[in-house]
> 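Quick one: structure below, then a few questions.
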Amino acid sequence: MTESEAKKRIEQLTKELNEHNYNYYVLARPTISDYEFDQMMKELEQLEKEYPQYVLPDTPTQRVGGEPTKEFKTVVHRYPFLSLANTYSEQEVRDFDQRVRKTVGNDVEYVCELKYDGVAIGLTYTNGYLTQAVTRGDGNRGDDVTNNVKTIRTIPLRLRNGYPPELEIRGEIYFPIKAFEKLNAEREEIGEPPFANPRNSASGTLKMQDPAEVARRPLDCFMYYIPSEQNLTKTHYESLKLAEKLGFKVSKNIAVCKTIDEIFEFINDWDKGRHHLEYEIDGIVIKVNSIEQQQALGYTAKNPRWAIAYKFKAEQAETILESISYQVGRTGAITPVANLKPVQLAGTTVKRASLHNADIIAQLDVRVGDHVYVEKGGEIIPKIVGVNLAKRKPGTPPTRFIEYCPECGTKLIRKEGEAAHYCPNEDHCPPQIKGKLEHFISRKAMNIDSLGEGKIEVLYDNKLVSNPADLYDLSYEDLYGLEKVIPAEEGKKEKKISFRKKTVENILKGIEQSLNVPFPRVLYAIGIRYVGETVAKKLALHFKSMDALMKASFDELTGVEEIGEKIAESVIEYFAKPEHIEMINRLKEKGIQMEIREEEKPKADVLEGKRFVVSGVFDNYSRDEIKRLIEIYGGKNVSSISSKTDYVLAGHNMGPQKKQKAEELGIPIISEEDFEKMIGR
Ligand code: IVH
């Protein structure tokens with residue numbers, strides 16, 4: 001392929017892939033298979049590597065996330081980022097309508113929309129390209145989260161047909177409910193605290209420093225407002241249609257209403273219908289449709305006078321708290337659970353509610369025997385929001401949080417700054433042992449899926465395994481004929497697990513194959529608290545073997561990029577226990593990978609500890625390749641030049657400001673050839 005052919009092909013692939021992306025994510029009508037899409041994507045990635053000079057600003061390859069962000073820049077909003085006046089009262093919606101009519105007359109139309117419960121975002125497009133994405137912040141200034149927002153597939157990187165040279169548009173980024181539940185399950189597995197609701201997971205994700213991690217989470221976005229100062233359309237409804245035409249995702253659940261009755265019809269429909277949506281809404285937004293009328297109505301200091309948000313009351317019920325039980329999670333975290341007298345709430349029978357932790361119990365001062373109010377907060381897990389004190393029987397004793405683990409009797413601990421109580425007996429407390437074993441065999445760890453679906457529990461109950469190393473001692477005779485009947489539960493049939501010939505053979509084969517699992521996954525599998533998949537990879541690449549990691553000091557650990565004090569402490573604590581060392585030694589004897597293999601190994605440490613800033617375009621490598629080389633040879637990539645930078649590796653078109661800064665600080669600027677010499681290429 002000649003250079004000009006490559007340029008053309010890059011242009012073509014970028015265009016087509018963006019189109020397919022739009023068809024798939026915005027329209028939900030894909031026209032090619034995932035396989036074809038992946039093939040085209042791979043081809044584009046390859047070409048971009050070879051010809052970085054032709055990479056386009058809207059390349060779909062950046063959707064997977066670029067460089068980590070150190071700190072989010074503060075940006076002043078061009079149009080103030082107002083919020084809406086809120087109400088829970090129907091009467092106030094009527095009053096709003098009356099006020100509007102008084103100012104603009106009776107010829108008025110409203111647009112009713114869903115009030116998405118997520119995080120507001122303002123997008124700027126310059127000449128059709130997404131140039132900036134900023135959070136609401138305090139309304140006047142927000143955080144620049146552009147790199148994270150670029151990973152959201154329903155946000156166009158480049159606008160479609162007929163866009164103005166400058167466009168500001170606003171919307172709500174949200175976390176779909178199913179994905180939120182999955183994310184929380186994963187977080188609990190690695191000992192991270194779960195997010196309270198989808199909105200928190202959206203805002204937490206948007207503020208993450210690693211866009212690649214953001215790209216792995218399925219954020220989505222509805223656009224709902226084009227600041228009217230831009231005078232692009234005559235009505236709000238048309239502006240939403242324009243947004244759709246430009247390639248944005250706009251909700252179809254919109255109605256133009258002429259009367260207050262029509263507005264209430266919309267509200268009532270969605271008060272019921274919201275439970276079936278794939279995302280959360282917390283109310284309905286009512287906006288005056290005509291932009292001219294909007295301008296006549298104007299603004300208060302905080303809100304437009306032409307719109308109001310009607311918020312749904314969370315559905316509540318009153319019932320009796322019969323008892324509190326305490327569950328021990330896989331990581332030892334204790335969750336207090338309220339057992340309630342069954343009550344109907346939002347279409348389901350509620351018998352249990354989470355009480356979260358000791359602080360929440362104290363705050364609510366909730367006691368066994370109390371009449372309590374339960375709410376379906378965020379429509380997911382019911383929670384207790386208050387106590388009907390008038391009905392409390394005199395002499396009801398206050399709740400005392402348990403002091404000892406209900407499963408193993410160990411005294412519970414509470415770490416400073418953490419809300420949860422923990423059972424520290426991680427190696428002998430039954431739910432924790434089972435949890436650790438289940439984690440060990442899970443897909444991203446040792447991937448012994450033939451042991452899934454309750455089989456681990458059977459092994460544990462039969463006293464065949466109590467830690468991962470025991471798995472490697474199992475024989476055919478140990479397993480054959482084991483059985484367990486799981487009694488039927490609400491909505492679930494009785495289940496029988498039996499270990500027949502084929503099952504046992506598969507289990508033994510799975511265990512055998514796990515000997516090939518690479519060291520980073522082994523490190524993840526042993527289940528050190530706070531050492532998730534990514535951290536395990538970082539530690540494995542840095543220390544290269546379990547032995548070296550075991551010996552690492554606190555300072556050595558925190559010296560590794562992105563390893564903070566919490567993780568370092570946890571690693572040190574883990575290896576301080578003789579039982580853990582013994583288990584690791586047993587795993588090692590069985591042949592589990594305890595070091596990075598030759599092909600995964602960094603080549604040599606010629607760049608050990610040196611900090612590089614990479615800038616510009618290179619002849620022989622893409623930027624990502626050159627950064628990887630730096631890491632392979634033991635160096636570190638940093639994003640901005642400071643006195644701590646060792647080298648600036650400059651390609652073509654290095655930014656003049658970077659150059660000046662490097663010169664001022666006396667930091668050597670080296671070329672691609674200099675770098676190749678350094679690493680002996
Ligand atoms: S319009 C000037 N429409 O609710 C009017 N907001 O305080 C700008 N929200 O911060 C807002 N759904 O994040 C509008 N359909 C919708 C919305 C919506 C959710 C959020 C938005 C805003 C908050 C209201």
Side-chain angles (χ1 to χ4, degrees), residues 77-88 92-93 96 100 110-123 133-143 145 149 152 154-155 168-176 197-200 202-203 206 219-233 235-244 248-257 263 266-267 270-271 273-274 277-291 293-312 378:
H77 296 300
R78 156 126 29 131
Y79 309 105
F81 222 112
L82 299 174
S83 61
L84 298 172
N86 274 337
T87 178
Y88 287 94
E92 285 184 23
V93 176
F96 161 76
V100 168
Y110 296 100
V111 177
C112 289
E113 295 169 19
L114 306 183
K115 187 171 184 302
Y116 318 104
D117 198 7
V119 185
I121 193 77
L123 308 176
V134 186
T135 61
R136 178 171 187 279
D138 65 2
N140 292 316
R141 55 187 72 217
D143 288 332
V145 290
V149 165
I152 302 175
T154 48
I155 293 184
E168 260 228 49
I169 182 162
R170 291 182 183 166
E172 195 90 351
I173 292 179
Y174 66 92
F175 213 103
N197 51 44
R199 177 172 20 88
N200 287 7
S203 65
L206 209 55
L219 289 177
D220 208 332
C221 185
F222 280 122
M223 303 317 298
Y224 53 60
Y225 181 54
I226 298 182
S228 51
E229 294 86 337
Q230 298 171 91
N231 280 321
L232 292 172
T233 58
T235 65
H236 172 66
Y237 187 77
E238 286 164 33
S239 76
L240 294 179
K241 292 291 140 194
L242 171 66
E244 217 170 71
F248 294 100
K249 177 163 166 171
V250 176
S251 171
K252 298 268 179 253
N253 302 319
I254 288 174
V256 178
C257 298
I263 292 177
F266 188 88
I267 289 180
W270 282 108
D271 197 0
R274 64 186 159 130
L277 291 167
E278 286 165 357
Y279 45 88
E280 294 204 328
I281 62 171
D282 59 345
I284 297 296
V285 181
I286 303 139
K287 303 174 182 171
V288 169
N289 195 15
S290 148
I291 304 281
Q293 290 180 342
Q294 285 185 2
Q295 280 159 357
L297 286 154
Y299 299 85
T300 69
K302 279 188 280 175
N303 314 120
R305 286 201 180 86
W306 45 263
I308 191 165
Y310 174 84
K311 299 243 275 183
F312 295 129

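For this chain, numbers begin at 1 and follow the sequence in order. Just so you know, ligand 1 is whichever comes first in the structure, and atom 1 is the first atom listed for that ligand.
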> Heavy-atom pairs closer than 4.0 Å: do any link ligand 1 to the side chain of Pro304, the backbone, both, or neither?
side chain
> Heavy-atom distances under 4.0 Å decide this one: backbone, side chain, both or neither, for Tyr116 against ligand 1?
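For Tyr116, the contact with ligand 1 is made by both the backbone and the side chain.
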> Select one of side chain, backbone, both or neither to describe which atoms of Val285 lie under 4.0 Å from any atom of ligand 1, heavy atoms only.
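Side chain only; the backbone of Val285 stays clear of ligand 1.
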> Taking Lys287 first and then Glu113, would you say they form a salt bridge - that is, a charged N and a carboxylate O separated by under 4.0 Å?
yes
> Consider every N or O of Glu113 and every N or O of ligand 1, then say whether any pair is closer than 3.5 Å.
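Looking only at distances, the answer is yes, because the N/O contact criterion of under 3.5 Å is met.
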> With a cut-off of 4.0 Å, which atoms of ligand 1 are near a heavy atom of Ser83?
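This gives 7 (O) as the contact atoms.
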> In terms of atom number and element, which parts of ligand 1 are under 4.0 angstrom from non-hydrogen atoms of Ala120?
13 (O)
> Among all protein heavy atoms, pick the one closest to atom 24 (C) of ligand 1 and tell me residue, atom and distance.
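The closest one turns out to be Leu84 N, 3.5 Å.
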> Can you list everything that forms a side-chain contact (heavy atoms from CB on, under 4.5 Å) with Tyr79? Sequence neighbours excluded, please.
Glu168, Arg170, Pro227, Glu229, Gln230
> With salt bridge (charged side-chain N to carboxylate O under 4.0 Å, His left out) as the rule and sequence neighbours excluded, what pairs involving residues 248-257 come up?
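Listed by first then second residue: Asp220-Lys249, Glu244-Lys252.
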> Please check if any side-chain donor atom of Thr87 sits under 3.5 Å from a side-chain acceptor atom of Glu92, or the reverse.
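Distance-only check passes for Thr87 and Glu92.
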> Can we call the ring centroids of Tyr116 and Phe222 under 6.0 Å apart?
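Distance test on ring centres: under 6.0 Å, yes.
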> Can you give me the closest heavy-atom contact between Ile308 and Ala85, atom names plus distance?
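Taking every non-hydrogen atom into account, CG1-O, 3.5 Å.
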> May I ask you to identify, for Leu114, whether its side chain, its backbone, both or neither come under 4.0 Å of ligand 1 on a heavy-atom basis?
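Backbone only; the side chain of Leu114 stays clear of ligand 1.
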> Quick test: of every protein heavy atom, which one is nearest to atom 23 (C) of ligand 1, and how far off is it to 0.1 Å?
Lys115 NZ, 4.0 Å
> Should the proximity of Lys287 to ligand 1, defined as any heavy atom under 4.0 Å, be assigned to the side chain, the backbone, both, or neither?
side chain
> Out of Tyr224, Phe222, Phe81, Tyr79, who gets a non-hydrogen atom closest to atom 21 (C) of ligand 1?
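Considering heavy atoms of Tyr224, Phe222, Phe81, Tyr79, the nearest to atom 21 (C) of ligand 1 sits in Tyr224.
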> Side chain or backbone of Glu172 under 4.0 Å from ligand 1, or both, or neither, by non-hydrogen atoms?
side chain
> Please name the residue in the list Leu219, Asn197, Asn200 that meets the side-chain contact (heavy atoms from CB on, under 4.5 Å) test with Phe175.
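The residue from Leu219, Asn197, Asn200 that satisfies side-chain contact (heavy atoms from CB on, under 4.5 Å) with Phe175 turns out to be Leu219.
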> In terms of ring plane angle, is the pair Tyr310 and Phe312 parallel, tilted or perpendicular, where the classes change at 30° and 60°?
perpendicular
